[in-house]
Amino acid sequence: MSQMEFRGDLSAWHVMLDEISRLAAQLPDGQRRVAQFRARMDWAARSDDYLTLEPVAVDGVPVMCGVPGPLALAFVGELRDAVAEAKRGVL
């Protein structure tokens, strides 16, 4: 019987989290927004709306890559918009 090796790669997820932190730091209510996002993610009925696993082969080894799901990407978009508005003096 052969043994199959599986690996995980969350680098795309971590890049998104770094961007969230960077954007939130530029907003007066950034930490509140992040806390609300995390609470919604914790209580989500479908976790793949926030983190989606996609299988890819790396050097012939199956790797499950964790990528931001549609709700996580929407949140990053909201933060980007809020930062852009703040820079224009709207916020």
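A quick note: this is a predicted structure, and the numbers were derived from the prediction, not measured.
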Fill in the blank from the handout: Output for pair (R33 CZ, I20 CD1), nearest 0.5 Å, gives 12.0 Å

Completion exercise
Closest non-hydrogen contact found for A12 with G66 is CB-O, 3.8 Å

Problem - Donor + acceptor pair across side chains of R40, Q36 (<3.5 Å) - result: no

Exercise for the section: Kindly compute the distance separating CG (L53) from CG (D48), expressed to the nearest 0.5 Å. Expected result: 8.5 Å

Exercise for the section: Measure from the side-chain N and O atoms of D9 to the backbone N and O of S11, and report whether any donor-acceptor pair falls under 3.5 Å. Expected result: yes

Practice task
Mind listing the closest non-hydrogen atom pair of T52 and G69 along with its distance?
Solution key: OG1-CA, 3.7 Å

Exercise for the section: State, with a plain yes or no, whether a side-chain heavy atom of S47 is found less than 4.5 Å away from one of D49. Expected result: no

Handout entry: Connected via hydrophobic side-chain network under 4.5 Å: L51 and L79
Key = yes

Practice task
Return the set of residues passing ring pair (Phe, Tyr, Trp, His ring centres under 6.0 Å) with F37 (not counting sequence neighbours), or none when no residue passes.
Solution key: Y50, F75

Handout entry: CZ-CG distance between R22 and L17, expressed to the nearest 0.5 angstrom
Key = 13.0 Å

Exercise for the section: Determine which pairs satisfy salt bridge (charged side-chain N to carboxylate O under 4.0 Å, His left out) with at least one residue from residues 60-84, sequence neighbours left out, and list them in order. Expected result: E19-R80

Handout entry: Residue pair R32 / D29: nearest heavy atoms and the distance that separates them
Key = NH2-OD2, 2.7 Å

